[in-house]
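Have a look at the structure below before the remarks.
Every chain is numbered from 1, with letters handed out A, B, ... down the list of sequences.
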Protein chains: 2
Amino acid sequence: MSASSSSSSSSNPMSREDATLLPSVEDKYGGVRTEMTHPMDPSLFSSLLRASLSNWTLQGKKGVWIKLPKHLIGLAETAVKEGFWFHHAEKDYLMLVYWIPKDVHTLPANASHRVRIGAYVINHYKEVLVVQEKTGRFQGQSFWKFPTGVVNEGEDIHDGSVREVKEGTGVDTEFVQILAFRQTHKAFLEKSDLFFVCMLKPLSLEINAQESEIEAAQENLVQWMPWEEYTKQPFVQNNELLRYMIDICSAKTDGGYEGFTPIRVSAPDQQGNLYYNTRDLHSGH
Amino acid sequence: MSASSSSSSSSNPMSREDATLLPSVEDKYGGVRTEMTHPMDPSLFSSLLRASLSNWTLQGKKGVWIKLPKHLIGLAETAVKEGFWFHHAEKDYLMLVYWIPKDVHTLPANASHRVRIGAYVINHYKEVLVVQEKTGRFQGQSFWKFPTGVVNEGEDIHDGSVREVKEGTGVDTEFVQILAFRQTHKAFLEKSDLFFVCMLKPLSLEINAQESEIEAAQENLVQWMPWEEYTKQPFVQNNELLRYMIDICSAKTDGGYEGFTPIRVSAPDQQGNLYYNTRDLHSGH
């Protein structure tokens, strides 16, 4: 351990006594986190980082996290040279990590999935709400599909589905249930995709996409389409997934199919929504 | 457009005619992707990037993606100065993006969710497979819980649950069904968490964690515990989420509850597993 300190001292002009350490907070897993906020000369950062690593090693720390805001990305090279790797990045920062012990690290994995919804919205005339995309993967193809969208970070799936339908079509809805979901891989770069098929009840019939505040709505064609007409589209019939979806949605509308309904549930660590088959649980138990 | 080219020329010694462009490939959304692979002087990178951006602008390109491997992270500062921001990062690379048009970008969101599983494994003696963690959040607390784990990137949820049970307990299992799932936010840094409660059928009763190749198994205590004993633990009784889980698992074992079962389904874009209520769909439809 002392060897580590002395090598740190020998490689930079700061003596052990003078060395300031990077400001850090301990996490509950035996690690430390530091967030850089002000510009710093890379050589000074290198000195502080080495001294800090020696100190954390002496303290028996395990994981070390460094958050670098975008405007300080110039410091990343220094951390990489010390053995750090990337944990994840968001729009405005890069998170670097390092594992002090000699064994395999137990740091949490990066987020691996994107969450999307497809909305089954059917009215009392047995018409289903469908859109035709003017941009994106299906642009220029003249078929009608369920409204779809990406659930935002921090957004509940049921809230996200109501929001996406409103933004894409102008129709207000009430969330009913998740009917099914599909998991695929390498859907977007190396990431996986969870696509939740949600049933929503329309609260209005008026299609009002043009007045939506969201630009995307103006790029879609929207209509209420007779269910039979939707299902007869060749692109639907030629798609095994969509044929399953038709069967599931039909079974739901006919009353025989039960999906998962969200219930707000608390746990010691945090609040969340539990989605489950409420009909089966509450009938006879 | 020409102003952009001339400002590029004036800020570096390369003439417009000599300027080489960054190698890039077009994506199907009207954007371009470039991957840096070899070290380059930052000033040269800056010149190439500016010339390339001018060229892509003239071509009407939209999104620009730059993948920087860890060892070339020193080039990130240059890209940030040109207006790039971070899209995501993995262990060994940072992905930067830029949007050429003046309107709001339509680039795909970063992955937002981590996917975890909790495994309900019950044997013919009505004993449930439980573990006591020696590390992690619950270390040192003497309660017994279902095996849990993180689904790997690119891994199917049902495969991940079988793997996690094997690694954590040594018990071989067969996936039965997803009984419920919970979504929570800011579970890990800013990311959200999807926790799938899976029922698995044990194929063996032997607990063999010590011989597992995975170190984590050696850190857990494992046993088959009578179901009633599991449910009576105070930490279970004091946790609303776990009380729901007990009810759902009991209803499943008693035969009245149906969750979602995976079926391999193809779509034009890719293969994936569709999880749905197979009992309700195939009974009477």
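Heavy-atom pairs under 4.5 Å with chain A were tallied for B/A76, B/G154, B/S192, B/P262; the largest tally goes to B/G154. No other option in A/Y93, A/F195, A/Y244 has as many heavy-atom pairs under 4.5 Å with chain B as A/Y244. Among B/V150, B/I178, B/D92, B/V197, the residue making the largest number of heavy-atom pairs under 4.5 Å with chain A is B/I178. Note on A/L241, A/L96, A/V151: by heavy-atom pairs under 4.5 Å with chain B, the leading option is A/L241. Among A/G74, A/G30, A/A180, A/G272, the residue making the largest number of heavy-atom pairs under 4.5 Å with chain B is A/A180. Ranked by heavy-atom pairs under 4.5 Å with chain A, the list B/K81, B/M245, B/H113 is led by B/H113. Between chain B and the options A/E240, A/H71, A/H87, heavy-atom pairs under 4.5 Å are most frequent for A/E240.
Look at B/E90 and A/K191 and you find a salt bridge, because one of the NZ, NE, NH1 or NH2 atoms lies within 4.0 Å of a carboxylate O, short of that distance.
Heavy atoms of A/N238 lying under 4.5 Å from chain B are absent altogether. When heavy atoms are compared at a cutoff of 4.5 Å, B/D193 does not approach chain A at all. Within the 4.5 angstrom heavy-atom criterion, only side-chain atoms of A/V80, from C-beta onward, approach chain B. Only the side chain of B/L194 comes within contact range of chain A, with at least one heavy atom under 4.5 Å from a heavy atom of that chain. At a 4.5 Å heavy-atom cutoff, the contact between A/F84 and chain B is made by backbone atoms alone. Both the backbone and the side chain of A/L94 come within less than 4.5 Å of a heavy atom of chain B. In this structure, chain A has no heavy atom under 4.5 Å from any part of B/L75. Contact of B/S266 with chain A is made through backbone and side chain together, with heavy-atom distances under 4.5 Å. Looking at B/L274, both its backbone and its side chain come within 4.5 Å of chain A, counting heavy atoms on both sides.
With hydrogens and angles ignored, the 3.5 Å screen pairs no side-chain donor or acceptor of B/N273 with any backbone N or O of A/Q183. Panel note: side chain B/N277, backbone A/G259; no donor-acceptor pair is recorded below 3.5 Å.
The aromatic rings of B/F196 and A/F181 lie tilted to each other, with the angle between the two planes from 30° to 60°.
Heavy-atom minimum distance, B/A111 versus A/S112: CB-C, 4.0 Å. Residues A/D280 and B/R279 come closest through the heavy atom pair OD2-NH2, 2.8 Å. In terms of heavy-atom proximity, A/E77 sits nearest to B/I73 at CA-CG2, 3.6 Å.
Judged purely by distance below 3.5 Å, without hydrogens or angles, the side chains of B/H88 and A/N110 never pair a donor atom with an acceptor atom.
Considering only heavy atoms from C-beta on, B/F86 stays 4.5 Å or farther from A/K91 through its side chain. Side chains of B/R114 and A/P108 form a contact here, defined as non-hydrogen atoms less than 4.5 Å apart. Side-chain contact check for A/K70 versus B/W85: some heavy-atom pair is nearer than 4.5 Å. Between A/Y257 and B/Y276 the shortest side-chain heavy-atom distance falls below 4.5 Å.
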